[in-house]
Amino acid sequence: MTIWSGAPDQKAVALTFDDGPSPVYTAQIMALLQKYQAHGTFFVMGRRVEQYPGLVQALFKAGHEVGNHSFSHPRLTKTGQLSREQELERTAVDLDLLGCPQSQRLFRPPYSAFDDRLQAYLAHTHRRLVMWSLDSGDWKGLAAPAIIKNVLSRVRNGSIVIFHDSNEDARADRHPTVEALSIILPALKAAGYRMVTVSELLSRRGSPCHPGKAKD
Ligand SMILES: [Zn+2]
């Protein structure tokens, strides 16, 4: 199943953050999410999960959702089947070992690159391919005002918004993302949007990783 957005009849959006966790930016973003009673979905790289397990545990503890974004961020349409499976499964095991077995069910491909073979593998392993419907553009190195405009001018019910709390080589400056979120989060809240995890957006029963909620 490939997911691009949630239902249009709910005033809710899912904010997603790729390529972390980052020792510099993830905690700053978590603090902002908490300030505005928002939950996010973080598509993490297994390589960084192994480097920063405490950050992943902090995400779980705060009620955020964590999804799989491969181990080392290759373009999976260009890799062989064996390394593709290793990229997914090692990250999934890393997340399992940190106590959230359901997290492996959400997968976002690096560079948004997928093909029929990847879709078939994800279906075979009971995973959901999570894309996005609104690109914040933060990966282009935009300044905060441009990121804010991208999001607030195009947001609608069910939007899945993509941001980045790191990048594939961890050298990106994400201060503009953090600065933009400090404006975007209160604006969305004031407009009446609930800011929920991808799983919550897709199911009224709540996120499988959310503490205290029933697992599906
Ligand atoms: Zn990525």
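The first residue of the sequence shown is numbered 1, and numbering continues consecutively from there.
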Exercise. Would you say F107 and H69 make side-chain contact, with heavy atoms under 4.5 Å?
Worked result: no
Exercise. Is the closest side-chain heavy-atom distance between L201 and V13 below 4.5 Å?
Worked result: no
Seminar exercise, completed: The ring pair (Phe, Tyr, Trp, His ring centres under 6.0 Å) partners of Y121 (sequence neighbours excluded) come to none
Grab the two heavy atoms, one from [X] and one from [Y], that are nearest each other, plus how far apart they are.
{"X": "V161", "Y": "V151", "result": "CG1-CG2, 4.1 Å"}
{"X": "A12", "Y": "V196", "result": "CB-CG2, 4.3 Å"}
{"X": "N150", "Y": "L134", "result": "O-CD2, 3.7 Å"}
{"X": "R84", "Y": "L118", "result": "NH1-N, 3.1 Å"}
{"X": "M131", "Y": "S112", "result": "CE-CB, 3.5 Å"}

Exercise. So, are R127 and E89 salt-bridged, with charged N and O less than 4.0 Å apart?
Worked result: yes
Exercise. So does R171 pair up with D169, basic N to acidic O under 4.0 Å?
Worked result: yes
Problem set entry | Any pair counted as side-chain hydrogen bond (donor to acceptor under 3.5 Å, both in side chains), so long as it reaches residues 157-166, sequence neighbours left out | T26-D165, R48-S166, D138-H164
Test your reading of the model: is there a side-chain donor-acceptor pair from [X] to the backbone of [Y], 3.5 Å cut-off?
{"X": "E168", "Y": "D19", "answer": "no"}
{"X": "S5", "Y": "I160", "answer": "no"}
{"X": "E200", "Y": "T197", "answer": "yes"}
{"X": "N68", "Y": "L88", "answer": "yes"}
{"X": "T125", "Y": "L122", "answer": "yes"}
{"X": "H39", "Y": "H64", "answer": "no"}

Quick one: do [X] and [Y] end up in the same hydrophobic cluster if we chain Ile, Leu, Val, Met, Phe, Trp and Tyr together by side-chain heavy atoms under 4.5 Å apart?
{"X": "F71", "Y": "Y52", "value": "no"}
{"X": "M30", "Y": "M45", "value": "no"}
{"X": "V130", "Y": "F114", "value": "yes"}
{"X": "L106", "Y": "L129", "value": "yes"}

For this session: Can you measure from CD1 (I147) to CG (L152) and round to the nearest 0.5 angstrom?
Result: 11.5 Å
Exercise. Rounded to the nearest 0.5 Å, how far apart are OG of S136 and NZ of K149?
Worked result: 14.5 Å
Under a 3.5 Å threshold, yes or no: a donor from one side chain and an acceptor from the other, between [X] and [Y]?
{"X": "Q86", "Y": "S83", "result": "no"}
{"X": "T16", "Y": "R108", "result": "yes"}
{"X": "Q37", "Y": "R194", "result": "no"}
{"X": "R75", "Y": "T77", "result": "no"}
{"X": "T79", "Y": "E87", "result": "no"}

For this session: Could you tell me whether K189 sits above the aromatic face of Y36, with NZ or CZ closer than 6.0 angstrom to the six-membered ring centre and within 45 degrees of the axis?
Result: no
Exercise. Can we call the ring centroids of H73 and Y111 under 6.0 Å apart?
Worked result: yes
Exercise. Which of these, F43, W139, F42, sits in a ring pair (Phe, Tyr, Trp, His ring centres under 6.0 Å) with F17?
Worked result: F42
For this session: Determine the interplanar angle of the Y25 and H175 rings, folded into 0 to 90°, and report it as parallel if under 30°, tilted if 30 to 60°, perpendicular if over 60°.
Result: perpendicular
